[in-house]
Enquirer: 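One structure, as structure tokens, below. Some questions next.
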Amino acid sequence: MIDICLLGSGGMMPLPGRWLSSALVRYGSTLTLFDAGEGTQIPWKSLGWGFKQLGTICLTHMHADHVAGLPGVLFMLANAGKAEPLDIYGPPGTRYVYEGLHRIVHEMPFPIRIHELKGGEQFPLPGGLKGSAAAALHGIPCLAYRIDLERGRLFLPEQAQALGLPVQLWSRLQHGETLTYNGRIITPSQVLGPPRRGISLAFITDTRPTQALSQFARDVDLMICESMYDNPEDLGLAQAHYHMLASEAAGLAKAAGARELILTHFSPKITDPAVAERAARRIFPNSRAAKDGMIVSLNYPE
Ligand SMILES: [Zn+2]
Ligand SMILES: [Zn+2]
């Protein structure tokens, strides 16, 4: 099971009752953070998931509402006694911004490794989750992220027994090894069930909708997507500032074949996110507006 907490749902600036649009992903005892806007550590602290287990921060881009909270987050990690390395992924320019922000925090008691991505890469996330990045369209380098938790094929003991294989060999086949037994070649497919669907989610913010992003987010269980504007009359603004209308986020989720859409990164002028939610549902019914502190759990389908 993967739990995701929408720590905030705002874009541009934190407001009373609305933090910026960071998301914290918990898998087993590990944590991964998407974006770190101003004040991110505050809703995180109320959540009670702890700080020390954070292994990776994925930054979409270098606008303040996505990175200015980094010093506060690093301070909380140090304060919690983190000693293991922290990986920070982001687009080109991440190292430059990190080095600037680093000047206002103490020396961290854990190593920090910066990885700059262009989009198209895959990289490991804490707990064995698979991360991938794609280029977004925001006027400056910006990345969308995807997490995949793969699920192994079911082992079929009756098949192994029918082949006369001793129990000691079962786990090797289960782990994908082809072996020879009594002169016969035995492949994993002979003792494994069909491929099984895993769990996946995409975090897409500060971008126009693009066909490449709908491909990138193909079939995800959950798409967390920006919805800077809710009014179709703001399309010109959305285009000029490389953001999306709620209806465009819904169109992206539909094109990707996502199972569920959560809208976030609301402009300060959106006072009632239910309007964006209704606009999205007309195009993609399984849509809802993020609320600060909302937790979503994704499980393997049975
Ligand atoms: Zn933003
Ligand atoms: Zn931005």
Side-chain angles (χ1 to χ4, degrees), residues 4-25 33-44 57-73 88-98 100-101 116-119 133-146 202-210 212-213 216-217 223-231 234-249 252 261-271 273 276 280 289-292 294:
I4 302 108
C5 179
L6 285 300
L7 295 172
S9 57
M12 290 173 74
M13 64 188 82
L15 297 173
R18 187 191 287 170
W19 292 105
L20 290 167
S21 65
S22 305
L24 189 63
V25 173
L33 178 70
F34 288 99
D35 280 344
E38 191 180 337
T40 289
Q41 76 277 22
I42 300 167
W44 185 346
I57 301 176
C58 296
L59 300 170
T60 56
H61 64 299
M62 297 298 119
H63 280 156
D65 55 331
H66 300 261
V67 294
L70 212 45
V73 166
I88 300 180
Y89 291 87
T94 299
R95 186 180 306 279
Y96 176 76
V97 169
Y98 167 77
L101 292 172
E116 293 190 345
L117 309 174
K118 289 191 166 69
L137 186 60
H138 190 46
I140 63 165
C142 184
L143 297 170
Y145 289 100
R146 176 178 175 131
F203 186 81
I204 301 176
T205 190
D206 290 40
T207 178
R208 294 291 300 146
T210 67
L213 288 175
F216 177 67
M223 181 187 288
I224 299 166
C225 187
E226 77 140 283
S227 168
M228 186 69 156
Y229 305 103
D230 58 3
N231 186 340
D234 286 336
L235 179 61
L237 268 179
Q239 287 167 333
H241 298 290
Y242 298 95
H243 281 292
M244 282 188 233
L245 301 174
S247 56
E248 291 180 309
L252 186 66
L261 170 66
I262 293 184
L263 304 170
T264 187
H265 197 280
F266 300 117
S267 156
K269 74 176 185 179
I270 291 187
T271 51
K291 289 191 181 71
D292 283 41
M294 173 194 265

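Hydrogens, waters and symmetry mates are skipped; everything else that's a heavy atom, side chains included, is used. Just so you know, ligand 1 is whichever comes first in the structure, and atom 1 is the first atom listed for that ligand. Model, not experiment: these values are computed from the prediction. Position 1 is the first residue of the sequence; numbering continues from there.
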Enquirer: For the pair E248 (side chain) and R208 (backbone), establish whether a donor and an acceptor sit closer than 3.5 Å, ignoring hydrogens and angles.
Expert: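 No; zero donor-acceptor contacts below 3.5 Å.
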Enquirer: Could you tell me the separation between the CG atom of D206 and the CG atom of L143, rounded to the nearest 0.5 Å?
Expert: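 Here the rounded value is 11.5 Å.
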Enquirer: Near the Zn ion (ligand 1), which protein N/O/S atoms are found at less than 2.8 Å?
Expert: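 D65 OD2, H66 NE2, D206 OD2, H265 NE2, with waters left out.
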Enquirer: Kindly give the heavy-atom pair with the smallest separation between R18 and P268, and that separation in Å.
Expert: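 Scanning both residues completely, I find the closest heavy atoms to be NH1-CA, 4.2 Å.
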Enquirer: Side chains of F203 and I4: does their closest heavy-atom pair fall under 4.5 Å?
Expert: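 They are not in contact (no side-chain heavy atoms under 4.5 Å apart), so the answer is no.
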Enquirer: Between H138 and H243, does the ring centre distance come in under 6.0 Å?
Expert: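 Yes - the distance between ring centres of H138 and H243 falls below the 6.0 Å cut-off.
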Enquirer: Would you mind naming the N, O or S atom of H138 nearest to the Zn ion (ligand 2)?
Expert: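 Closest N, O or S atom of H138 to the Zn ion (ligand 2): NE2.
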Enquirer: Report yes or no: do D35 and S22 form a side-chain donor-acceptor pair below 3.5 Å?
Expert: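 Judged by distance alone, the side chains do not pair up.
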